[in-house]
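Below is one structure, written out as structure tokens; the observations come after it.
Owing to the predicted nature of the structure, the values given are computational and were not obtained by experimental measurement.
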Amino acid sequence: MRRIVAAINMTIDGYADHTAVTPDEEVHEHYSELLSNADAILYGRITYQLMEYWLTVLENPTGNAAMDEFALVIDRIPKVVFSNTLKSVDWKGTRIASRDLKDEVTDLRQQPGKDILVGSPSIIISLMNHQLIDELQLCVHPVLAAGGMPLFKNIRERTVLKLLRTKTFKGGAVVFYYEPGMEG
């Protein structure tokens with residue numbers, strides 16, 4: 001059974017807003033490695049459309065080796081988009097989910113292969129509420145956003161997280177690797 005791994009950047013005060021943090025080279029390298037060791041990534045419409053930015057980097061590389069490599073890696077990984085409004089997607093290797101989130105993810109995790117990543121706040125929360133996240137990787141940046149989209153706003157149940165390990169970057173960001181579990 002494949003694992004469902006949620007990985008996201010966030011601020012110290014709990015916001016998952018892409019405009020609030022600026023991942024450095026080391027963080028881009030980390031995410032490139034994570035993507036290289038997975039079979040797919042799940043997005044909601046909003047995050048998917050934000051990630052389409054990386055197509056422009058493929059066409060016009062930045063000259064920053066870590067960012068340009070990330071663009072190559074994100075381009076290669078198959079993507080599944082959950083949307084009620086998108087009718088089509090242009091990014092190769094991308095498809096719009098045909099079933100609801102719970103059914104699609106339950107089926108994906110039964111297939112052989114490597115981890116399935118989740119990269120959208122709304123999808124992470126929905127899967128947490130369905131108890132379908134095997135590992136939660138929170139990359140906490142040394143920023144207080146003082147506003148934005150709180151990551152855990154719509155969690156329905158108290159959830160106890162077991163800290164598995166941490167990874168600290170020179171720029172001050174720290175990835176916390178957690179295993180979620182329901183309190184008994």
Donor-acceptor pair, [X] side chain versus [Y] backbone, under 3.5 Å?
X    : Y    : result
T22  : A20  : no
K79  : I74  : yes
N64  : A66  : yes
S120 : I123 : no
R2   : Q110 : no
N129 : I155 : no
D39  : I116 : no
T47  : G44  : no

Distance check, rounded to the nearest 0.5 Å: [X] atom [atom1] versus [Y] atom [atom2]?
X    : Y    : atom1 : atom2 : result
I77  : L117 : CD1   : CG    : 5.0 Å
R99  : T106 : CZ    : OG1   : 8.5 Å
L34  : S36  : CG    : OG    : 8.5 Å
I133 : I4   : CD1   : CD1   : 7.0 Å
N60  : L55  : CG    : CG    : 11.5 Å
K114 : N37  : NZ    : CG    : 6.0 Å

Can you find a pair of side-chain heavy atoms, one from [X] and one from [Y], that are under 4.5 Å apart?
X    : Y    : answer
F176 : L163 : yes
V118 : I41  : no
D75  : W54  : no
L42  : L108 : yes
F70  : L35  : yes
M10  : M149 : no
L161 : E179 : no
Y48  : V89  : yes

Quick one: do K167 and E26 make a salt bridge, cutoff under 4.0 Å?
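Not counted as a salt bridge, because no side-chain N and carboxylate O are separated by less than 4.0 Å.
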
Is the shortest side-chain N to carboxylate O distance from R109 to D134 below 4.0 Å?
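A salt bridge is present here (some side-chain N lies under 4.0 Å from a carboxylate O).
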
Begin with the C-alpha distance, continue with both residues' side-chain angles, and end with the deciding distance and a verdict on salt bridge (Lys or Arg N to Asp or Glu O under 4.0 Å) for E104 and R95.
CA-CA 12 Å; E104 188 83 32; R95 69 177 176 86; 2.5 Å; yes

Which atom names give the shortest non-hydrogen contact between [X] and [Y], and what distance separates them?
X    : Y    : result
P150 : Y15  : N-CD2, 3.5 Å
A16  : I8   : CB-CD1, 3.9 Å
G148 : D17  : CA-OD2, 4.0 Å
D13  : A146 : OD2-N, 2.8 Å
A6   : I124 : CB-CG1, 3.7 Å

Test log, rule side chain to side chain contact (heavy atoms under 4.5 Å, CB included), inputs L138 and Y178
CA-CA 8 Å; L138 303 176; Y178 291 107; 4.0 Å; yes

Please check if V143 and V27 belong to a single hydrophobic cluster, counting links between Ile, Leu, Val, Met, Phe, Trp and Tyr side chain heavy atoms closer than 4.5 Å.
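No; V27 is not reachable from V143 via cluster members.
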
Take L86 and Q49, measure what side chain to side chain contact (heavy atoms under 4.5 Å, CB included) needs, and give me the verdict at the end.
CA-CA 10 Å; L86 283 179; Q49 289 177 321; 3.7 Å; yes

Sole candidate of L136, L164, T166 that passes side chain to side chain contact (heavy atoms under 4.5 Å, CB included) when paired with Y177
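Among the candidates, only L164 passes.
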
Counting only heavy atoms from other residues, nucleotides and ligands, does the tally under 6.0 Å from CG of D90 exceed 12?
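Not more than 12 within 6.0 Å, no.
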
